[in-house]
J.: 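First the structure, which I've put down as C-alpha cells, then a few questions once you've had a look.
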Amino acid sequence: MTGTYLGMPAFPRAAHDAVRNPVLRGNLRHATHTIRAKRARAVGELSDWAALREAGRRIKDHTLRHLDRYLEQLEESVTAAGGTVHWAVDADEANRIVARLVRETGESEVVKVKSMATQEIGLNEALAAEGIRAYETDLAELIVQLGEDRPSHILVPAIHRNRGEIRDIFRSEMGAWGRPAPEDLTDRPADLAEAARLHLREKFLRAKVGISGANFMVAETGTLVVVESEGNGRMCLTLPETLISVVGIEKVVPTWRDLEVFLQTLPRSSTAERMNPYTSMWTGTTDGDGPRAFHLVLLDNGRTDTLADRVGRQALRCIRCSACLNVCPVYERAGGHAYGSVYPGPIGAILSPQLRGTASEIDASLPYASSLCGACYEVCPVAIDIPEVLVHLRERVVQGGPAVRQGNKVVLRPARGHAAERAAMRAARWAFSRPGALRAGQRLASRTRRLHPRTLPGPGRAWSDTRDLPAVPAEPFRDWWQRTRGGKDGVR
C-alpha cells in the first residue's frame, strides 16, 4: 500500500462502478452536504476569513521556499528537547525505522493516532510483516480496520459506511481484535461509541508504544501538534512509554505564532468547529510526564520532487482539512476508493500523481477526476489552486516533459492512450496559426452541419456519451462580421 492500492483500476472504471452503488451515494450525499453546510456557517462567523486564508498561504509558501533551513532548525529544537530525529527518504526507509524502534522496546503491539502519513507508507502492513500488531484508535479508522476496508475520506475515513453497517462490523469483528461488542449492540451513535470506548480502553492502558502523525511541527521550539475530536489522540500521546511520530516534511511551520492562523482555519474547514475539542502539543520529553522516549521520523516520499515543480508545489500547502472533498461533485458521486490512494478527492487528484508519479494507469487518470468547476479552490483554507494544478498535470500526462523523480531530473514520456488528443491539439495549433485554413474549415463546417453526427466517433465517444455536441452556426462569425460590417447601419 505504499503506492497504488493493489488491484485498483484507473479512476474512470472505478468511478463507473461506484456511481452505481445507491447505498454508497446516499451515504456520501448525506455526509458531505451536512459537513459543508456546517463549514459554511462556521467560516461565515469570521469577518477576517479571507485575511486568515491569505496569511496561511503566505506562511506555507515562505516555509516551502526555505524548507531546508526550517527542517534543520526543527531537528536542532527536537534534539535539544530530548527527542531523536530520523530522516526517511521513502516509505520503505520510514517503515524500517519504525519497525526497528518498536522492536528495540521489546513490544509486539502499538496504538496509533489517526495519521495520513502512516497510511501513505503502509505502516500497518509493514509492522504486521515484522510480527507487530498496530491498533487504530480513531473511531473511523477503527471501523475501517475492523472491516478490512480502506479509508475513503481524509477527515472521516469511514464516510462510506452507515450506522447499520458499522454495527454489523462491530458485532462480527471486535472479538478477534480484543474486547467483543455487546451482543445487543444497536446502531444508535451513543451505543456504537460506547462499544468502541470499552474496546479501546484496555489497549490504551496496556500499550507501551504509541505511533502518531502531526498536523504541524514548529521549527522554532521543536513542538508537534495534533488536533482531534475524540480524545484518543491524547491517550496515545501521553500514556505509552515510547512515542514515535511519522510526519511529512511539509508539515513544518517556522514559529509558534504561525499556529494562530492554522488553529483557526483548520477546525472550521474540517469539522466546522470554532476550535478542536482536543489540541495536543508536546516538545521532546519531560521527566515524570508523558513518554520517556520520543522519536520523530521526517518523511520525504516524493515531497522534495513535488517541491521542484513550480506549479505543483502548492499542493504541499495542504493542511488535510478535507474541505475540497466535501464540495467536489465528482467525489460526492464516486467516493474515495475510486482514487486508489489514501488521499482522495481533489487534493488527492493533484497530490498522489506528484508523490508517486504518473507511470501507473490510475495515477495518470487522477488529474482527469475533476470537472474543473473550481469549488475546491474557493473553500481551500490555504488557497491551493487545484484546477490550475490539475490542468498542469494533464499536460504532463499527455505531453510528458521535464520533471524530478527521486531527486533526479528526468524527461517523462507521454502516457499511453492520449495519441488522439495530442494529434487533435497539433491539428488545432496548425489551423489557428493559418487564418486562411481556419476560415476555410469554419465555412466547410457550417455548410455541412446537417451531416454532423450527434456523437463523436472513436475515442471521442466517451466524451459525447454524456454531453451534447455544440451546434455549428449557419455561418462563421468572420463571414457574419463582414456581411454586416460589424453590426453597423442598425444591423444586429
J.: Got a sec: does the CZ of Arg292 have more than 12 other heavy atoms crowding it under 6.0 Å?
T.: no
J.: Where the side chain of Arg57 meets the backbone of Ile384, is there a donor-acceptor pair that is under 3.5 Å apart?
T.: no
J.: Under a 3.5 Å cutoff, is there a donor and acceptor pairing between the side chains of Ser280 and Arg234?
T.: yes
J.: Do Thr118 and Lys112 meet the criterion of a side-chain donor-acceptor pair at a distance under 3.5 Å?
T.: yes
J.: Between Trp49 and Arg268, is there a cation-pi geometry (under 6.0 Å to ring centre, at most 45° from the normal)?
T.: no
J.: Check whether any side-chain N or O of Gln354 sits under 3.5 Å from a backbone N or O of Gly302 as a donor-acceptor pair, and report yes or no.
T.: no
J.: Between Glu378 and Arg53, does a salt bridge (charged side-chain N to carboxylate O under 4.0 Å, His left out) hold up when you go through it step by step?
T.: CA-CA 11 Å; Glu378 294 299 325; Arg53 185 177 188 243; 5.7 Å; no
J.: Determine the minimum heavy-atom distance between Val397 and Pro367, stating which atoms define it.
T.: CG2-CG, 4.3 Å
J.: Glu130 side chain to Leu127 main-chain N or O, any donor-acceptor pair under 3.5 Å?
T.: no
J.: Mark yes when over 12 heavy atoms from residues, nucleotides or ligands other than Arg100 sit less than 6.0 Å from its CZ; otherwise mark no.
T.: yes
J.: Do Arg103 and Ile132 touch side chain to side chain, with heavy atoms closer than 4.5 Å?
T.: yes
J.: Do the side-chain N and O atoms of His392 and Asp309 include a donor-acceptor pair separated by under 3.5 angstrom?
T.: yes
J.: Checking Glu141 against Gln119 for the side-chain contact (heavy atoms from CB on, under 4.5 Å) test, could you report, in this order, the C-alpha distance in whole Å, the side-chain angles of both residues, the deciding distance, and whether it holds?
T.: CA-CA 10 Å; Glu141 291 289 358; Gln119 292 172 3; 2.3 Å; yes
J.: Would you say that Asn124 contacts Glu136 through its side chain, given a criterion of any heavy-atom pair below 4.5 Å between the two side chains?
T.: yes
J.: Can you check side-chain contact (heavy atoms from CB on, under 4.5 Å) on Met174 and Leu146, steps first, answer last?
T.: CA-CA 7 Å; Met174 264 190 175; Leu146 293 180; 3.7 Å; yes
J.: What heavy-atom pair brings Leu307 and Arg313 nearest, and what distance separates the two atoms?
T.: O-NE, 2.9 Å
J.: May I ask you to check whether Glu173 and Gln145 show a side-chain donor-acceptor distance below 3.5 Å?
T.: no
J.: Between Asp258 and Thr255, does any side-chain donor sit less than 3.5 Å from a side-chain acceptor?
T.: yes
J.: Using modelled atom types only, decide if a donor and an acceptor are shared between the side chain of Asn215 and the backbone of Val227 within a distance under 3.5 Å.
T.: yes
J.: Check whether any side-chain heavy atom of Leu142 sits under 4.5 Å from a side-chain heavy atom of Thr137, and report yes or no.
T.: no
J.: Is there a salt bridge (charged side-chain N to carboxylate O under 4.0 Å, His left out) between Arg36 and Glu332? Walk through the geometry before answering.
T.: CA-CA 12 Å; Arg36 74 185 185 213; Glu332 180 185 326; 3.4 Å; yes
J.: With distance as the sole criterion, is a donor-acceptor pair present between the side chains of Thr283 and Thr223 under 3.5 Å?
T.: yes
J.: Between Leu74 and Val218, what is the shortest heavy-atom contact and its length?
T.: CD1-O, 3.6 Å
J.: Are more than 12 heavy atoms, taken from residues, nucleotides or ligands other than Arg274, located less than 6.0 Å from that residue's CZ atom?
T.: no
J.: Considering the options Pro344, Ser152, Ser365, which one meets the side chain to side chain contact (heavy atoms under 4.5 Å, CB included) requirement together with Tyr339?
T.: Pro344
J.: Would you call the rings of His62 and His66 parallel, tilted or perpendicular, taking 30° and 60° as the class edges?
T.: tilted
J.: Has Arg257 got more than 12 heavy atoms of other residues, nucleotides or ligands less than 6.0 Å from its CZ?
T.: no
J.: Under a 3.5 Å threshold, yes or no: a donor from one side chain and an acceptor from the other, between Glu273 and Thr271?
T.: yes
J.: Do Val297 and Val247 have side-chain heavy atoms sitting under 4.5 Å apart?
T.: no
J.: Does the side chain of Ile319 come within less than 4.5 Å of Thr265's, by heavy atoms?
T.: yes
J.: Is it true that Arg320 and Glu250 make a salt bridge, defined as a side-chain N closer than 4.0 Å to a carboxylate O?
T.: yes
J.: List the steps and the verdict of salt bridge (charged side-chain N to carboxylate O under 4.0 Å, His left out) for Asp191 and Arg167.
T.: CA-CA 9 Å; Asp191 292 341; Arg167 176 203 58 208; over 6 Å; no
J.: Is the cationic atom of Arg356 (NZ for Lys, CZ for Arg) positioned less than 6.0 Å from the six-membered ring centroid of Tyr343 and within 45 degrees of its normal?
T.: no
J.: Between Ser212 and Ser245, is there a side-chain donor-acceptor contact under 3.5 Å, judged purely by atom types and distance?
T.: yes
J.: What donor-acceptor contacts under 3.5 angstrom involve side-chain atoms of residues 78-91, with partners at least two apart or in another chain?
T.:
| unit_1 | atom_1 | unit_2 | atom_2 | d |
| --- | --- | --- | --- | --- |
| Thr79 | OG1 | Glu75 | O | 2.8 |
| His86 | NE2 | His295 | ND1 | 3.0 |
| Trp87 | NE1 | Glu75 | OE2 | 3.2 |
| Asp90 | OD1 | Asp92 | N | 3.4 |
| Asp90 | OD1 | Glu93 | N | 2.9 |

J.: Taking CD in Glu148 as the centre, count heavy atoms belonging to other residues, nucleotides or ligands within less than 6.0 Å. Is the count above 12?
T.: no
J.: For the backbone of Tyr278 and the side chain of Asn276, can you confirm whether one donor and one acceptor N or O come within less than 3.5 Å of each other?
T.: no
J.: With a 4.5 Å heavy-atom cut-off, do Ile143 and Leu192 have their side chains touching?
T.: no
J.: Please tell me if the side chains of Leu393 and Ile350 come closer than 4.5 Å, counting only heavy atoms from C-beta onward.
T.: yes
J.: Name the orientation class of the two ring planes belonging to His153 and Tyr331 (parallel below 30°, tilted from 30 to 60°, perpendicular beyond 60°).
T.: perpendicular
J.: Please walk me through it: do Leu67 and Ile249 pass side-chain contact (heavy atoms from CB on, under 4.5 Å)?
T.: CA-CA 8 Å; Leu67 188 59; Ile249 56 176; 4.1 Å; yes
J.: Counting only N and O atoms by type, is there a donor-acceptor contact under 3.5 Å from the side chain of Arg333 to the main-chain atoms of Pro329?
T.: yes
J.: With no hydrogens and no angle check, is any side-chain donor or acceptor of Arg303 less than 3.5 Å from a backbone partner on Asp300?
T.: yes
J.: Go through Leu28 and His30 one step at a time and tell me if the side-chain contact (heavy atoms from CB on, under 4.5 Å) criterion holds.
T.: CA-CA 6 Å; Leu28 290 170; His30 172 73; over 6 Å; no
J.: Arg405 side chain to Val410 main-chain N or O, any donor-acceptor pair under 3.5 Å?
T.: no
J.: Can you confirm whether more than 12 heavy atoms, excluding those of Asp287, are under 6.0 Å from its CG atom?
T.: no
J.: Got a sec: does the CD of Gln406 have more than 12 other heavy atoms crowding it under 6.0 Å?
T.: no
J.: What verdict does the salt bridge (charged side-chain N to carboxylate O under 4.0 Å, His left out) test give for Arg58 and Glu54, after you've listed the backbone C-alpha separation in whole Å, the side-chain angles of each residue and the deciding distance to 0.1 Å?
T.: CA-CA 6 Å; Arg58 292 189 179 190; Glu54 176 63 13; 2.9 Å; yes
J.: What residue among Arg206, Lys208, Lys203 forms side-chain hydrogen bond (donor to acceptor under 3.5 Å, both in side chains) with Glu109?
T.: Arg206
J.: Suppose the criterion is ring-ring contact (aromatic ring centres under 6.0 Å, His included): which pairs have a residue in residues 199-257, not counting sequence neighbours?
T.: Phe216-Phe262
J.: Determine whether a donor-acceptor pair (N or O, by modelled atom type, separation under 3.5 Å) exists between the side chain of Asp149 and the backbone of Val144.
T.: no
J.: Should Arg396 and Leu412 count as side-chain neighbours, where that means a heavy-atom distance under 4.5 Å?
T.: yes
J.: Main chain of Gly233, side chain of Glu228: is a donor-acceptor contact present, judged purely on distance under 3.5 Å?
T.: yes
